[in-house]
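Just the heavy atoms: all of them, side chains too, but no hydrogens, waters or symmetry mates, feed the values below. Below, chains carry the letters A, B, ... as their sequence lines are ordered, and counting in each starts from 1.
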Protein chains: 2
Amino acid sequence: MLRILGMKSFHHFDITARRIRTIRTVIPYSKDNFQIKRGSYATVGDADIKHFENILPNGNQILLGLDETAGYNRDYFNYVLGLGEVVLRPRTTAQVSAILQHCNRRKLAVSVYGGNTGVCGGSIPVFDEIVLSMELMNGIESIDEYSGVLQCEAGCILGVLEEKLSQKGLIMPLDLGSKNSCHIGGNVATNAGGIRLMRYGNLQGSVLGLEAVKADGTVLDLMSRFRKDNTGYHLKNIFIGSEGTLGVMTRVAIACPPAPTTQNVLFLGVQNYESVLKTFIECKKRLGEILTSCELIDKDALQCCIEHLKRSSPIEEYPFYMLIETTGRNVEHDEQKVNDFLKQVLSSGIVADGVVANEPSKVKDLWQLRERIPDGTFSNNFCLTYDLSLPLGNFYDIVPAMKTRVGHLVKVVCGFGHIGDSNIHLNIAGDELTPEIRQLVDPYVYEFTSKLRGSVSAEHGIGLLKPKYLKYSKTNESIRLMQQIKAFMDPNGILNPYKVISN
Amino acid sequence: MLRILGMKSFHHFDITARRIRTIRTVIPYSKDNFQIKRGSYATVGDADIKHFENILPNGNQILLGLDETAGYNRDYFNYVLGLGEVVLRPRTTAQVSAILQHCNRRKLAVSVYGGNTGVCGGSIPVFDEIVLSMELMNGIESIDEYSGVLQCEAGCILGVLEEKLSQKGLIMPLDLGSKNSCHIGGNVATNAGGIRLMRYGNLQGSVLGLEAVKADGTVLDLMSRFRKDNTGYHLKNIFIGSEGTLGVMTRVAIACPPAPTTQNVLFLGVQNYESVLKTFIECKKRLGEILTSCELIDKDALQCCIEHLKRSSPIEEYPFYMLIETTGRNVEHDEQKVNDFLKQVLSSGIVADGVVANEPSKVKDLWQLRERIPDGTFSNNFCLTYDLSLPLGNFYDIVPAMKTRVGHLVKVVCGFGHIGDSNIHLNIAGDELTPEIRQLVDPYVYEFTSKLRGSVSAEHGIGLLKPKYLKYSKTNESIRLMQQIKAFMDPNGILNPYKVISN
């Protein structure tokens, strides 16, 4: 049963200006960041809808009108509000191909919609783009028990895959806080990071194959199931991390590691950053192959988190905390390695105090002290958040630098993140985001990162919010090549316009 | 002191036809495979040499004339003999850029030369291409002791890097038999696999950044040192595995894991392929995170090897042998895991017999039984060799199938390889390579692989020898896109012509 709602108002809806709004009191990304005009795309008409009805004959595959499509127009952080009045929900690659072929011919812009958990405004329409939602393409095709290779459709939810894999003694190579709603297609399209990356590497390595539909509807079947396949250019890798701007991912093949059976989480107090680094070196050396995560939390980040959770810290106050996780397959071996490590770092004085957990609920409790920090900082009226890769020697320098610059004007300046991957999150939160604060923060953080040749978006991607910051991590030549690749792959620019590459 | 030798004969040298020859009695790749005509490139003239002399002012950076350049025209396997009379040896990226800018303007074809260890004829000129040798760009720029990231020039020899890293307690994420001559730039350009891939993943994951010079001389500085950097398209990944046809790699940044301190190698006898698979599952489960390699060797492969090495097998004869390596950081833990595994597979009968070594010289002896198999098979008059990725359920089927087809016409049909990576090497060797044998083997192996959606070149790449087989692993749409990318990146087709993508 095709739901066509709001058809009458459809063509009367005025789409002349960009619409960006927020629900939070102060939106950290002001309208100044979005000097974007709607591209010269066609507008969806009755004949287009008719065409889509032929492509998608089954019920509930087309949603029309803002009443129906509202949920597809609001991003996770409420940074952006889209105006897409047409949502198409294909069930097959052939349907995706037919849709794109039509859109490309008609110059209709398309926004690819996964689990809508992106944090850079890349997941929803900006103006009236057609929303291509992958949610119905959620079939698990195969799990190879020998090689551990999973093949599935792009709309599968990460947590569902994790669940299915666990029945075969496997795990996904990535784990994210949003796993119960994010799609694997979106994960691959954004080259998602997360807390297991240190152990299992990034998706450029783990994704063995994929199927993508180009803007003109051409289906690219790159579904290798093999860790080794050197037959020509590695086309799949172009799509990984391209955020849906070069093609729509429809299927993926991923190498899944055997599931570990043991887990230990250490929560340590450390007196200074020098000791943090020493602890990191020591845990790599002593925990070696069972080390899965190494996270850093500073005093202010923990404070925000425990206030928000209304909990107390498991240990006394220290300038820094580290959360270290091991996973393995032998309880005694892992315990002994953990104990050896602790003995070493405690006796040498580089770690001041700590607790260890291996019981699942306790493990979860400790992880919350890291994972819920953003909730704590975002509970303020405003929160500026940065996702940086920085060399470990200078990893934490940005935090005291920002404290000096804006500490007196805001409530919180804190740093936390994946020190094991050289990835720090810097959050600056307070009551009122004044132009003064913005001016003191925004160019400085990016320039600081650029000087150290760091990444201004380590794991969050570019989306709608960050194209103008690309230049801080990429050279002009690289950005020009990206623009050329975009123009070459999608000459009409119909796929996820306004995102990643600024026009 | 610039060495200009053979200048007189230079312009008189007749380059009108392709020249391919071999030193081995029978070359497995007949001339029929090379229906290649020299492209319509310009010929190097005096003015060009003059120009190169300005770009490369220091001694020994230009070699001229076949007497001087002979070593740069013969590939490792003697499959191909090139006719490049000009070898340029830049020391800096700026020099590479200036050379390519000139060559592109003049339409002079260029063959990029690394350690010359490629096995698909991709490493040397086919006709009179200019040889761009990277050997003088061999500086190690930095090794970050915290993150384990190595930055170096592309001409560094893998074994030299390994040596330097070991002083910092790190290892390279890849290990190859050719490590004492292969260049890291060549490894990355060919997405080299090797025996550690199972543990540390492929280079698409480990290479964090690179610098490449495009055909027109544009320098692309993509030297990220971070495991997480989601700022736009992952351009570096286009170059990894492109075999020098899209750009010349000048620098790389690689994530290097901490060096393990323990090592065990198991050499096991197994009665049938079903038990091989069970053993593989069991070793993944019980050895888990310390498992580094899992190799398969069939009876005939071992026989070839030990005859060649004039050694005896460490265990009695079985249809299959498996070589399993663990590396870790705790001798007792690893030993206990190895013993638990052995107890399980021996008591359940899936493994019939075996030996274990942890003493370096014994470990090396056992590895020779796997690594020297090619030497054994290649000591025959001819040896056809295939490098396939196949699903593990059908991994070994190709060997008995080929025995049935040509076993009576040849001396050896054997299978061996990286079962842990689903990568089998099939070698067929004998006295005389008749048209009948060729006809029975060549289309069949590729068609068999194609039906199972395997890879017809798992780790060896395409080079000059395999462009015509690409179609067995890649769809027409994919090959077309590769051709478009080549044309887009290198419009004059000057970089490594005749290779990877057939024109």
Hey, are the side chains of B:Asn330 and A:Lys337 touching, using non-hydrogen atoms and a 4.5 Å cut-off?
yes
I'd like to verify something: which residue of B:Glu243, B:Arg286, B:His418 has the highest number of heavy-atom pairs under 4.5 Å with chain A?
B:His418
Salt-bridge present (A:Lys474, B:Asp229; N to O < 4.0 Å)
yes
Say you draw a straight line from NE2 of A:His333 to CD of B:Glu332; how long is it, rounded to the nearest 0.5 Å?
9.0 Å
Can you find a heavy atom in the side chain of B:Arg453 that is under 4.5 Å from one in the side chain of A:Asp221?
yes
If you take all heavy atoms of B:Met482 and A:Tyr233, which pair is closest and at what distance?
O-CE1, 3.4 Å
Taking all heavy atoms of B:Leu222 and all of A:Ser478, pick out the closest pair and write down the distance.
CD2-OG, 3.3 Å
Check whether any side-chain heavy atom of A:Ile240 sits under 4.5 Å from a side-chain heavy atom of B:Asn237, and report yes or no.
no
What pair of heavy atoms forms the shortest contact from A:Asn230 to B:Ser455, and how long is it?
N-OG, 4.1 Å
Using a cut-off of under 4.5 Å on heavy-atom pairs, state which of A:Gly420, A:Ser242, A:Gly232, A:Gly328 scores highest against chain B.
A:Gly232
What's the verdict on side-chain contact (heavy atoms from CB on, under 4.5 Å) for A:Leu481 and B:Thr218, showing C-alpha distance, side-chain angles and the deciding distance?
CA-CA 10 Å; A:Leu481 182 55; B:Thr218 306; over 6 Å; no
Between B:Leu203, B:Val500, B:Leu235, which has the largest tally of heavy atom pairs under 4.5 Å with chain A?
B:Leu235
Whatever's closer than 4.5 Å to a heavy atom in chain B on A:Glu145 counts as backbone
Interface moiety of A:Thr190 toward chain B, non-hydrogen atoms closer than 4.5 Å
backbone
If you apply the rule side-chain contact (heavy atoms from CB on, under 4.5 Å), what do you find for B:His234 with A:Asn202, and how did you get there?
CA-CA 12 Å; B:His234 291 242; A:Asn202 60 48; over 6 Å; no
Where does A:Tyr146 contact chain B at under 4.5 Å (heavy atoms): side chain, backbone, both or neither?
both
Mind checking the NZ-CD spacing from B:Lys236 to A:Gln204? Nearest 0.5 Å is all I need.
5.5 Å
I need the residue from B:Met489, B:Glu459, B:Glu477 with the largest number of non-hydrogen atom pairs under 4.5 Å to chain A.
B:Glu459
Of the listed B:Leu246, B:Asn423, B:Ile290, B:Thr475, the one with the largest count of heavy-atom pairs under 4.5 Å with chain A is B:Leu246
By a 4.5 Å heavy-atom criterion (distance strictly below it), what part of B:Leu452 contacts chain A: side chain, backbone, both, or neither?
backbone
Who among A:Gly201, A:Gly169, A:Gly461 has the most heavy-atom pairs with chain B under 4.5 Å?
A:Gly461
Does B:Ser389 reach the main-chain N or O of A:Lys228 with its side chain, forming a donor-acceptor pair under 3.5 Å?
yes
What part of A:Leu291 gets closer than 4.5 Å to chain B, counting heavy atoms only: side chain, backbone, both or neither?
neither
Out of A:Asn191, A:Asp144, A:Ile462, which one racks up the most heavy-atom pairs below 4.5 Å with chain B?
A:Asn191
Rounded at 0.5 Å granularity, tell me how far CG in B:Leu390 sits from CZ in A:Phe226.
6.0 Å
For residues A:Gln484 and B:Phe488, report the shortest heavy-atom separation together with the two atoms involved.
CB-CZ, 3.5 Å
Would you say A:Pro391 and B:Arg225 make side-chain contact, with heavy atoms under 4.5 Å?
yes
Under the criterion side-chain contact (heavy atoms from CB on, under 4.5 Å), I'd like the reasoning laid out for A:Arg329 against B:Glu289: C-alpha separation, chi angles, the key distance, then a yes or no.
CA-CA 8 Å; A:Arg329 276 166 200 78; B:Glu289 59 277 356; 2.6 Å; yes
Only pairs of heavy atoms separated by less than 4.5 Å count here; which of B:Ser473, B:Gly205, B:Ala458 has the most with chain A?
B:Ala458
Side chain, backbone, both or neither of A:Val219 within contact of chain B (heavy atoms, under 4.5 Å):
backbone
Check each atom of A:Val456 against the heavy atoms of chain B and say whether the ones under 4.5 Å are side chain, backbone, both or neither.
both
Between CG of A:Leu220 and CZ of B:Arg480, what distance do you get to the nearest 0.5 Å?
10.0 Å
May I ask you to name which of A:Leu277, A:Ile419, A:Asp387 has the most heavy-atom pairs under 4.5 Å with chain B?
A:Leu277
Proximity breakdown for A:Lys285 and chain B, heavy-atom pairs closer than 4.5 Å
backbone
